[in-house]
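Numbers here simply count residues along the sequence, with the first being 1.
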Amino acid sequence: MTVTDATQSPPRSRRWPRPVATQRALQVVLGLFWVLDGALQFQPYMFSHSFVSDVIVGSAARQPSVIASLITHIGHFISPDIAVWNTFFALVQVVIGAGLLFRRTVRPALAVSFVWVIGVWVFGEGLGMLFTGTATALTGAPGSVLLYGFIGLMAWPRREAGHSVGVASSAAGRGIGGATMALSVWAGYWSLAAVLFVLPDNRTQTSVSSAITGMAPGTPSWFAHFLTSFGDQFTSIGVESAWVLAIVSLIIGLGPVVARRPGPYLLAGGLLTIAMWVTAQGFIGGIFTGLGTDPNTGPLIILLALAMMPAVVPTGLRPPIGALWRRSPFVAVGGVAVIGAALALSATYPVAAQESSTSAMSGMTMPATSGSSTNAAGTTTSSCTAHQTGLKISGLDLSNSPVMIMSGHLGMDMNGADASAAAGLNTTKTNWHYTGPPLSQALATQLLAGGPNNPIDIHMAESGCAASVTASQQIKAVQYVQATTESAAQFANPLAALAAGYVAVSPANYPVVTYVNPTIVAANAAAKRALNPKDIDGLVYAKTPDGTEVLAAAMYILPSTVTKVPMPFGALVQWHERTNTCGTLTSTSSSPYDVTGVMPCASGTVQRATPYTTMVWQVPVAGGPLAIQPPDIQIVEAAVMAGGS
C-alpha cells in the first residue's frame, strides 16, 4: 500500500511552523530522548529488586497467562543480578542515543533501537498493557518505547526523493515508508486511543479523575495540589469525559488522512497531548518520584506532530484517503471497518456491575464474628469477588479482612488466608508463614489480646464492592509505596522520629507503638492534603523479642478538613479506623490519634475509635505494603523477618 499526497499544483507561499524541519533534526531529538532514558535508568531505584518486582514482574498483572508467564520468568531470571542487568539496560539506551547524534552512526543506532524496542515493550511495558483491558492513552498507552520504534523508522536516513509536498515533504515523511508510515502511525495511535478510552474499565464515573489524581503522590506539593484539584473536577463525569476524549481522538487521528491540510489536526493533537501529559501522565512521567524510566508518551506524540508538519501545502492537494482509495479500495474499506468494529466492541461491552456508580463502594455491614464472609445486601459473590489470592483484583470484599487464622504452634505460624486482603497491591500471600524464631508464650498471648484486629474491631471509611483496580492505578500505587518508603527511611528507629517531632500516641510499654507528628498533621489538615509521601503523619514501630525497634509502617491520617475520602488508587489504598481502642475521659492531646489501650478499657478511660488511617507497611506482612491492619502478632513477626530478632 502506498499513500501519496503529491500533486502538480504549484505550492503555496505560506509555510507551516516547523521546529523539526529536517530528518536530521528528528534524529537528534530522538537521540536526546534515548540519552535521557538511559540517564533515568541509572537512578538508584532501578538497581533494586523492587524495580524487578514492581515494574517488570508487576506488568504481568492481568495479562493473558502465556504473556504473564513469559514476563514473570524474565523478571525472575534478571532479579539475582539486577545491578549488572540494569547497568547494561542503561548503557544500551545511552549508546543508542549517542549514535543518533552523529551522522555516521545513525543507521547502526536505529537498527539496535528497533531490537531494543521490541524487548522493552514486551518485558518492560507489558505490551503497553493492551491485553489487560485497563490500558488508556490518558496515562500513556500503548507505551512510549513503541513510539520510539515508529519514529525511528521515520528517522531512518534515505536519499531525497526529489520534489515532494504535503506530509511527504515533512521530516517524518522522508523515512522508511514515507508519508504512508507517518500518516499510519498518527492515525493508528489516535484510533487506538479512542478504542481504549471507551473500554469498560475506562468509562466509569471515576476513571478520568483517578487517572489524574493518582499521579499526585511523590510529586512536588504545588504540582500534587494542582493534580488533585484538577482531577476532582472529573469525579462524577468520567463516563462523559471518556466519550468526549474518544470522539476527539478519532477526529484528530483520521483528520490528516481525509483532509487536504493536516496542520489543524496535528495542532489539535499536540494540544490534547500536552493536556494529557501535564495531568494524567504527571507532566514528565514519574521523573519527580525517582521511579520514572522515560518522560512518557506525551513528548513523543508532540515530536511526531511537529515532524509531520509539511514543508509546503500545495493548492489542490488531494486527501491521502483519495489516493489510497484509487490504489487499493479494499485496504481503505478494511481499515475503516477494523476501526469501526474495535470501537463498537469496546463501547458496547458492558461495564461490570461492581464498577457502576450506584454499586461502587455501596454499604457493607461488617460481620459480627470473625471469619465470616457474608456479603452485604445488594452485593453478590458474582459481582464482588474476594481477591485474597493476590491475583486479579475484581472487587473489594471487606468481610474478608482483616482477620488471621492460627495454625501450627502459638506465635510461630500465622496463616494469611484472610491477610488484610482488601488492599495488598497484588502481593497478598495466601499462605503466609512466620520464618523467625518462636515467640514466647507470654509475648504471643499479649499480642493476641492487645491487637487481634478482627473485622468487628475495624471500620472502613468506604466499604462494599469496589471497581476493579486498573493497570494505571496499580502502577501509581507502586510509585506511592516507593515514594513513601523512601521518605520514611530516615525514621529507622524511634529516636530519629522523636528528633523530627513525632511523639508516641499509644502505650510505649506495648510491642507495637504508634508515633504521630502533630505539626505535620495540622499542616496537612490546613492544606486539606492527604497521602503526601513528603508529609507522613505517623509511624508505627514494632519491638522484637531482643528489644530492637523496627519501623513497621508509615501512616497517613485522614484530615478532618477533607470531607471526601481520597482514593486515587481505587481499592488498593483503604482508609480504616480501629474501634476497639480506649482514650482518656477528656481528650487534651493536641494529636488526633491518642490511644491509651484496647478494650476492655481501664478505669478512667473510655472506648474511643482512632481517626481514619491508611498504612504503607515497611515489613513483610501477609497483606502486602498496603494491607489494612494485620494482627499485632503478625506485625511483630514481620518485623523479626525484616531484620529484627
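A distance-only check finds no donor-acceptor pair linking the side chain of His576 to the backbone of Ala461 [under 3.5 Å]. Side chain of Ser229 to backbone of Phe226: no donor-acceptor contact under 3.5 angstrom is found. With Thr596 contributing its side chain and Cys582 its backbone, the two residues share a donor-acceptor pair below 3.5 Å. Within the 3.5 Å criterion, the main-chain N or O of Thr581 finds no donor-acceptor partner in the side chain of Arg608. A distance-only check finds a donor-acceptor pair linking the side chain of Thr445 to the backbone of Gln441 [under 3.5 Å].
Using a 4.5 Å heavy-atom threshold, the side chains of Glu577 and Thr579 count as touching. At a threshold of 4.5 Å between non-hydrogen side-chain atoms, the residues Gln473 and Thr134 do not count as touching. By the 4.5 Å heavy-atom criterion applied to side chains, Thr514 and Val595 are not counted as neighbours. A heavy-atom distance below 4.5 Å is not found between the side chains of Gln446 and Ile633. Two residues are said to be in side-chain contact when any heavy atoms from C-beta on lie closer than 4.5 Å; Pro545 and Val640 meet this criterion. Residues Leu447 and Tyr510 have side chains in contact (heavy-atom distance under 4.5 Å, counting atoms from C-beta outward). Between Val573 and Pro568, every side-chain heavy-atom pair lies at or beyond the 4.5 Å cut-off. Between Arg529 and His225, the closest side-chain pair of non-hydrogen atoms is not below 4.5 Å.
Taking both residues in full, the closest heavy atoms of Pro507 and Val513 are given as O-CG2, 3.6 Å, listed atom of the first, atom of the second, then distance. Summarising the geometry of Pro620 relative to Ala638, their closest heavy-atom pair is CD-O, 3.4 Å, with the distance given to 0.1 Å. In terms of heavy atoms, Ala639 sits closest to Ala542 at CB-CB, 3.8 Å. The two residues Val606 and Cys601 come nearest to each other via the heavy atoms C-SG, 3.6 Å. The two residues Gln63 and Ile71 make their nearest non-hydrogen contact at NE2-CD1, 4.5 Å. For the residue pair Pro630 and Gln634, the shortest heavy atom distance occurs at CB-OE1, 3.8 Å.
The NZ atom of Lys543 sits 5.0 Å away from atom CD of Glu549, with the distance rounded to the nearest 0.5 Å. Taking CG of Asp632 as the reference point, atom CD of Glu637 lies at 11.0 Å (rounded to 0.5 Å). The CE atom of Met46 lies 12.0 Å from the CZ atom of Phe89; values are rounded to the nearest 0.5 Å. Distance check: Leu531 CG to Thr614 OG1 gives 6.5 Å after rounding to the nearest 0.5 Å. If you take CG on Leu539 and CG on Asn517, they are separated by 8.5 Å, rounding to the nearest 0.5 Å. To the nearest 0.5 Å, atom CZ of residue Phe569 and atom CD of residue Gln479 are 8.5 Å apart.
Residues satisfying the side-chain hydrogen bond (donor to acceptor under 3.5 Å, both in side chains) test with Ser209, not counting sequence neighbours, are none. For Thr484, the side-chain hydrogen bond (donor to acceptor under 3.5 Å, both in side chains) criterion is met by Tyr556, not counting sequence neighbours. Residues that satisfy the side-chain contact (heavy atoms from CB on, under 4.5 Å) test with Pro611, not counting sequence neighbours, are Ile557, Pro592, Tyr593.
Each side chain to side chain donor-acceptor pair (under 3.5 Å) pair with one or both residues in residues 617-628, not counting sequence neighbours, appears once here: Thr485-Gln618. Pairs engaging residues 487-509 under the side chain to side chain donor-acceptor pair (under 3.5 Å) rule: none recorded [sequence neighbours left out].
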* To do: Apply side chain to side chain contact (heavy atoms under 4.5 Å, CB included) to the pair Tyr541 and Val550, showing each step before the final yes or no.
  => CA-CA 5 Å; Tyr541 292 90; Val550 177; over 6 Å; no
*Full working for side chain to side chain contact (heavy atoms under 4.5 Å, CB included) between Asp294 and Glu125*: CA-CA 11 Å; Asp294 57 63; Glu125 295 186 349; 4.0 Å; yes
inquiry  = Would Tyr480 and Leu626 count as a side chain to side chain contact (heavy atoms under 4.5 Å, CB included) here? Give the steps.
reply    = CA-CA 10 Å; Tyr480 157 75; Leu626 297 178; 3.7 Å; yes
Does Thr139 form a side chain to side chain contact (heavy atoms under 4.5 Å, CB included) with Lys476? I'd like the steps, not just the answer. CA-CA 10 Å; Thr139 55; Lys476 291 169 185 175; 3.4 Å; yes
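Looking at Asp537 and Asn524, their side chains do bring a donor and an acceptor atom within 3.5 Å of each other. A donor-acceptor pair shorter than 3.5 Å can be found between the side chains of Asn86 and Gln41.
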Taking distance alone, no hydrogens or angles, what donor-acceptor pairs closer than 3.5 Å link side-chain atoms of residues 72-79 to residues at least two apart or in another chain?
| unit_1 | atom_1 | unit_2 | atom_2 | d |
| --- | --- | --- | --- | --- |
| Thr72 | OG1 | Ala68 | O | 2.7 |
| His73 | ND1 | Ser69 | O | 2.7 |
| His73 | ND1 | Ser69 | OG | 3.3 |
| Ser79 | OG | His49 | ND1 | 3.1 |

